[in-house]
Amino acid sequence: MKDFFKQNKSKIAIVFFLVFLAAGIFLRTYNFHDWLRFNTDQARDAVVVSDFLEGKTALPLLGPKAGGTDFKLGPIFYYFQIISAKIFGVSPDKIAYPDLLFSMLSIPLLFFLFRMYFNVYISAACTSLLSVSMFSVQYSRFAWNPNSIPFFVFLFLYALLAMEKSKTKKKFFWAALAGVALGVGVQLHTTLLISMPIVLLIFLEYIYKTTGKTMTKEFIAIFLFALVLNVPQIFGEFKNDGQNMLAFFKGALVKSETKMNAGEKIVENFLCQIQSNNYIISAIGPSGDCGKTVISSELKRHKHFDKKLPIILETLLGILFTIGGIALWARCIKREKEKEKKDFLVLLGIYFSVMFLLLIPLAREISTRFYLTLEFIPFLLFGFWANTVLGWAKEKRRKFAIAALGLCFVLLVVSNAYKTSKMFGAFFSPENIGNDGVDNDSESFITLGEAQFIADYITSHVGQSKTVYLDGKQTYLFKYVRPLRYFTKMKDIDLKAYSKKELPPEDALIMTIGNLESEGELSKSMREKYSIEDSASYGRFSIAALERKR
């Protein structure tokens, strides 16, 4: 048996990875339709796609707005959705397939990227952690333009390294692929619009300094392929007289203006990087806002030291993991003699450094989701730690080192599995309406299954009325009216939020949405005017038709 394992170690590692790949695919696709997150952004994008396919609008030349600004990204995100809708049909889950597909493909792609430096065992372990990472699973289960960032970043980095490594005509194939990754990436997020071209130029300069090769032809190929993919946006810019680019610069100035000084911004960004590394690899830590304020508020929330201790340990372990991992990374760059491996270390180091510097001005704006652009970092750092521990361990201690690393791996997998189960459990457990077990506020989103059920209930109770007023918590009305309106509009029914400032007509049809725990309950002001005529529930929510009291 020992001889079998010795002779087939690589094959066993590959099988091990494939098992985790299958698990990752399952986690990303399980109950995908009903549990698809379908918020205001998703409803907006679904309307853009359906309107184009129905011939109501022209092909979009610009994409979604970048968060908190009027700047619109390139339209490639919409084109992916349009292609998917053409193939599978026009429905919110079908147009989310590209994000799902790219998330699944990013897993083997990261494995191939890591194999450029690590051995097959460490590459398989690191990539298996990505496969079951709750963070990665979360951002694969709904349609949103940043969700495909990891795949195109991995492809960009891999293609550049393969291009430099290749000695044949395939060099231009890899250059073309890097151009495609660049052309798509700059349309997915504003930080990539700036960072990816900078990374490319710095890496080509590094190649010139170390080898004397100018890579001019390869650069032209990359530029041309990226340019072709951005032709629609260029036309869009001309069409609106450059107003979109002016919005970009204006938005950049607004987002970078804070009361924090440069030092505070660096510390805030670094703390967010540490917390995001923790969350991405272990599902432990803040999933939304990050930084010093989150740590201090968590410590203040608990009066007793035994409650504060886990937060302190989590932060200290995160600092050790990240700073130690970066130090090992720098050490590897300094000592590495093999050119191809050094190129790997340097290119990923360039990308990480550029992204880190770009996020500093946004220190007060960034949250964990911004680190989709750096999703591979915690897995890379884990690889450096594993490589170093195995390198330091002498022959007699090697088994102990492997056992210790194996225990860390198992703990990380178990942590992600536990938190993912809590996240999935929140989709059908009414007691979790305000907390899905992963520090997320479940009230911030509605699932496609819930939205369709509520919309169907509304349309089946309207009778001759073409307008329905929806009452409920302000959080619900703010987040859910637009997604619900996406479905009611198909039946020519206008859904409006009930407002005390603009009271509906006496004969208006009123409905109320709530969580399952409050089913059958109305606010005091509503009880004075209305009684519940009929109600139904699905998932975490209830919907009720109201009748005006006589």
Side-chain angles (χ1 to χ4, degrees), residues 110 113-114 117-118 121-136 150 266-292 294-295 298-299 308-334 344-345 348-349 351-353 355-356 359 366-393 400-419 438-439:
L110 186 66
L113 178 62
F114 280 6
Y117 182 78
F118 298 112
Y121 318 116
I122 293 176
S123 299
C126 293
T127 317
S128 295
L129 289 174
L130 168 70
S131 188
V132 297
S133 164
M134 192 195 69
F135 177 86
S136 184
I266 292 171
V267 171
E268 186 75 3
N269 185 29
F270 194 67
L271 285 174
C272 277
Q273 179 70 64
I274 288 169
Q275 291 169 324
S276 297
N277 286 346
N278 284 0
Y279 186 70
I280 292 169
I281 200 169
S282 70
I284 296 173
S287 63
D289 293 335
C290 56
K292 184 173 63 177
V294 173
I295 297 173
E298 280 296 299
L299 290 173
K308 295 182 179 183
L309 185 59
I311 302 166
I312 296 170
L313 290 176
E314 175 193 316
T315 304
L316 292 176
L317 284 173
I319 292 171
L320 174 63
F321 174 72
T322 297
I323 294 180
I326 292 172
L328 293 174
W329 190 349
R331 178 174 173 268
C332 291
I333 292 175
K334 185 178 180 180
F344 171 92
L345 296 169
L348 270 62
Y351 178 80
F352 173 65
S353 301
M355 281 303 308
F356 183 83
L359 290 175
I366 57 176
S367 59
T368 306
R369 62 186 172 84
F370 275 71
Y371 293 90
L372 275 165
T373 57
L374 292 164
E375 187 182 57
F376 68 90
I377 291 297
F379 308 106
L380 180 67
L381 298 183
F382 183 84
F384 289 136
W385 277 105
N387 218 19
T388 303
V389 169
L390 292 173
W392 284 343
F400 175 77
I402 292 172
L405 290 171
L407 178 61
C408 290
F409 177 86
V410 170
L411 289 175
L412 291 172
V413 170
V414 169
S415 177
N416 277 290
Y418 172 72
K419 288 300 188 74
V438 291
D439 303 318

query: Got a sec, which residues hit disulfide (SG to SG under 2.5 Å) with C126, two or more places apart in sequence or on another chain?
result: none
task: Please name all residues satisfying side chain to side chain contact (heavy atoms under 4.5 Å, CB included) with L309, sequence neighbours left out, ordered by chain then number.
output: F305, L313
message: Nearest 0.5 angstrom please: L328 CG to T388 OG1, how far?
response: 4.0 Å
field: For S367, side chain to side chain contact (heavy atoms under 4.5 Å, CB included) partners two or more places apart
entry: D289, R369, F370
- prompt: What pairs meet the side-chain hydrogen bond (donor to acceptor under 3.5 Å, both in side chains) rule with one or both residues in residues 309-323, with sequence neighbours excluded?
  reply: N277-T322
task: Quick one: list whatever passes ring pair (Phe, Tyr, Trp, His ring centres under 6.0 Å) with F352, sequence neighbours left out.
output: W329
message: Show every side-chain hydrogen bond (donor to acceptor under 3.5 Å, both in side chains) that has at least one partner inside residues 371-385, sequence neighbours left out.
response: N269-Y371
- prompt: Stepwise, does the side chain to side chain contact (heavy atoms under 4.5 Å, CB included) test hold for L381 with I377?
  reply: CA-CA 6 Å; L381 298 183; I377 291 297; 4.0 Å; yes
- prompt: If you take all heavy atoms of N387 and Y117, which pair is closest and at what distance?
  reply: ND2-CE2, 3.8 Å
statement: dist L130:CG -> F135:CZ (nearest 0.5 Å) comes out at 10.5 Å
query: So do the side chains of P378 and F321 get within less than 4.5 Å of each other, counting heavy atoms only?
result: yes
- prompt: Excluding sequence neighbours, so at least two apart, what forms side chain to side chain donor-acceptor pair (under 3.5 Å) with S128?
  reply: none
For residues 410-417, dump all side-chain donor-acceptor pairs below 3.5 Å to protein atoms at least two apart in sequence or in another chain.
unit_1	atom_1	unit_2	atom_2	d
S415	OG	S282	O	2.5
N416	OD1	M134	N	2.9
N416	ND2	I281	O	2.9
N416	ND2	L412	O	2.9

task: Provide the closest heavy-atom pair for Q275 versus C290 in the form atom of the first, atom of the second, distance.
output: OE1-CB, 3.1 Å
statement: SG (C332) and CG (L345) are apart, to the nearest 0.5 Å, by 6.0 Å
query: What distance do S353 atom OG and L348 atom CG have between them, rounded to the nearest 0.5 Å?
result: 10.5 Å
query: What are the two closest non-hydrogen atoms of G325 and F384, and how far apart are they?
result: O-CD1, 4.0 Å
- prompt: Rounded to the nearest 0.5 Å, what separation is found between the CG atom of L271 and the CD atom of E268?
  reply: 6.5 Å
Minimum heavy-atom distance between Y279 and P286, given as atom pair plus value: CG-O, 3.9 Å
Counterpart residues, side chain to side chain contact (heavy atoms under 4.5 Å, CB included), relative to L390 (two or more places apart): I122, R398, A401, I402, L405
message: Applying side chain to side chain donor-acceptor pair (under 3.5 Å), can you list everything that pairs with T368, at least two apart in sequence or on another chain?
response: none
query: Is there a side-chain contact between P150 and L372, using heavy atoms and a 4.5 Å cut-off?
result: yes
query: Can you name the ring pair (Phe, Tyr, Trp, His ring centres under 6.0 Å) partners of Y351, sequence neighbours left out?
result: F376
query: Looking only at heavy atoms, which two atoms of N278 and G318 are closest? And how far apart?
result: OD1-CA, 3.3 Å
message: List the residues meeting ring pair (Phe, Tyr, Trp, His ring centres under 6.0 Å) with F409, not counting sequence neighbours, and say none if there are none.
response: F16, F20
Heavy-atom pair with the smallest gap, counting every atom of I266 and F356: O-CZ, 4.3 Å
query: In Å, rounded to the nearest 0.5 Å, how long is the span from CZ of F344 to CG of L380?
result: 5.5 Å
